[in-house]
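Notes follow once the structure below has been shown.
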Amino acid sequence: MSARVAGHRLGCTGRSLRTEHTFDVTGIVLCPRANAVELTLTTGAHDDLPAVTAGYENERGRVQWRVHQALACAGQGGISAMSTAAPDPATVEPVLTLTMNPTVDICWDVDHLADIGKNRARVSFVAGGGGGINVARGVVRFGGRATAVHTAGREVGCRLNRLLDEEGIDHIAVDIDDETREAFVLFEIESRRSHHIVPPGPHLDDQEGRRCLDVLRQAIGTSRYVVASGSLPGGLPDDFYTAVARRAKADGCRMVLDTSGPALRQALTEGVFLIRTSRTEAADLLGRPVRGFDDALAVNEQLLAMGAAEIAITTIGDLGALCSTRHGHTELRTPSLPGGLLSDAGAGDSMVAALTVRLAAGDDPVSACALGVAVAAASVLTPGTEPFDRRLAESLCPDVGITFRTSS
């Protein structure tokens, strides 16, 4: 987090993109590093643009969001007080993740994938996976604290627990009767293409579902953020994540949801803190393909209007993401990549991890999402489900393009 600069009153004047009014922003100190600012406070704006006149409430106050939006309207596109440095773990709210349908991810390398005959493959990477587990791994990678609650069944479940123990990820396993699934990523070296093969997973009964909710409630402790990520296994009701959201709210937690299909649709009625949808999931909600930022804007406005989330983030493949709150919408465009795409497996989870750890450290949503876009970009440069290169992600972050836009 950039240090606040006391006593400065440096001002700049911007012109609204929507009206002819001008407004002043004070307390902004431009840093030598591009796209970053340090700040103390802002004055009121002589404009009716909601993103300028009202701020986003977070632990560090509303000033960060106000300054970012004012700079964006002024055409400077700055990220307010953003930091890619690892936060002090003592200052970051702990994160609790939930993975109802985890995997043991096995990545294979093959020189050339032949249609006939045997394909000789080498195991390149084996790790515990699934949405919430991947998010917990990413949170820790960025200096945060995380505990992963997950199901585990039979032999593969035992292997999952062992892998997480060996990796040093704090986790709580909920025993189930059915077998935990294995997922496979096959990387063909010749074409540099990845094939991600994921089975549906185990079947849980109602008692096992209730036990997971009870364990989650007991594990919340001092966690301020609960991240529910990934698909639901068979046997659980579509409104399972709705029950998770209610329990998180009852304990004063902010819930981050990243799922799809009926489980996502059912959760929209409860309302959570943040929803991330992929291009595919957003298209399902919108009823038409999501090809660009205009389509993402329509999805996010729909989510905000129905009270589904306070923050709506729709990712648009290699274009980037749109971050929306009631104060406005911000396009975050993917920076140029130093290499070709190898695998998009886990890119969304990595993004959720980065933005969650920065929100838990007190960043505003746009700054957190900018780091998330950079991390997702770094993730696609690694084969299979291997973790992203943190230094590469940090180097890409200043090049994330940022544009504030009004509603449609």
Side-chain angles (χ1 to χ4, degrees), residues 1-2 31 33-36 68 77-89 92 95 97 105 107 125 127 129 131-146 167 169 185 194 225 227 229 256 258 274 276 278 313 315-323 330-402:
M1 193 70 189
S2 298
C31 297
R33 180 175 173 177
N35 292 334
H68 168 77
I79 302 175
S80 64
M82 188 191 71
S83 173
T84 59
D88 179 356
V92 180
V95 175
T97 72
D105 290 328
C107 301
F125 184 73
I133 289 174
N134 294 336
V135 170
R137 178 182 292 113
V139 167
V140 173
R141 200 169 184 81
F142 265 103
R145 295 176 290 162
E167 193 176 350
I169 294 178
V185 177
S194 291
Y225 287 84
V227 180
S229 179
V256 176
D258 184 5
L274 186 152
R276 185 203 81 97
S278 70
I313 296 174
T315 54
I316 325 168
D318 58 0
L319 295 179
L322 184 76
C323 177
T330 307
E331 295 178 3
L332 299 109
R333 295 177 299 282
T334 301
S336 299
L337 301 181
L341 185 149
L342 296 180
S343 172
D344 61 357
D349 298 333
S350 297
M351 178 187 191
V352 171
L355 69 89
T356 301
V357 76
R358 292 314 313 175
L359 288 172
D363 277 7
D364 64 274
V366 172
S367 299
C369 192
L371 179 59
V373 169
V375 169
S379 295
V380 303
L381 299 177
T382 59
T385 58
E386 293 182 29
F388 58 86
D389 184 322
R390 177 179 157 183
R391 290 186 179 180
L392 174 60
E394 291 172 344
S395 70
L396 292 173
C397 198
D399 297 324
V400 174
I402 299 178

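Note that this is a predicted model, so its numbers are computed, not measured. Along the sequence shown, residues are numbered consecutively beginning with 1.
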Return the set of residues passing side-chain contact (heavy atoms from CB on, under 4.5 Å) with [X] (not counting sequence neighbours), or none when no residue passes.
| X | result |
| --- | --- |
| Ser229 | Val135, Val227, Asp258, Asp349 |
| Ala354 | Phe142, Leu371, Val375 |
| Ala378 | Phe388, Leu392, Ala393, Leu396 |

Can you tell me how far apart [atom1] ([X]) and [atom2] ([Y]) are? Round to the nearest 0.5 Å.
| X | Y | atom1 | atom2 | answer |
| --- | --- | --- | --- | --- |
| Ile316 | Glu331 | CD1 | CD | 7.5 Å |
| Leu322 | Ile313 | CG | CD1 | 9.0 Å |
| Leu381 | Leu337 | CG | CG | 5.0 Å |
| Leu274 | Cys323 | CG | SG | 7.5 Å |

Check [X] against [Y] and note the closest heavy-atom contact, atom names and distance.
| X | Y | result |
| --- | --- | --- |
| Ala321 | Cys369 | CB-SG, 4.4 Å |
| Val400 | Leu332 | CG1-CB, 4.0 Å |
| Thr315 | Ser278 | OG1-CA, 3.3 Å |
| Ile402 | Arg333 | N-NH2, 3.6 Å |

Is the side chain of Arg390 donor-acceptor paired with the backbone N or O of Arg141 at a distance under 3.5 Å, no angle test?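 Here the side-chain-to-backbone pair exists.
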Do side-chain atoms of Ser379 reach the backbone of Ala347 as a donor and acceptor pair under 3.5 angstrom?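 Here the side-chain-to-backbone pair does not exist.
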Quick one, Arg137 and Ser350 - any side-chain contact, counting heavy atoms below 4.5 Å?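 No, every pair of side-chain atoms sits at 4.5 Å or beyond.
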Do Val373 and Met351 come within less than 4.5 Å of each other through their side chains, counting heavy atoms only?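 Of all side-chain heavy-atom pairs linking Met351 with Val373, at least one is under 4.5 Å.
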Listed by chain and number, what are the side-chain hydrogen bond (donor to acceptor under 3.5 Å, both in side chains) partners of Thr334, not counting sequence neighbours?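 Residues passing side-chain hydrogen bond (donor to acceptor under 3.5 Å, both in side chains) with Thr334: none at all.
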Going by side-chain hydrogen bond (donor to acceptor under 3.5 Å, both in side chains), name the residues that satisfy it together with Thr356, two or more places apart in sequence or in a different chain.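 Residues passing side-chain hydrogen bond (donor to acceptor under 3.5 Å, both in side chains) with Thr356: none at all.
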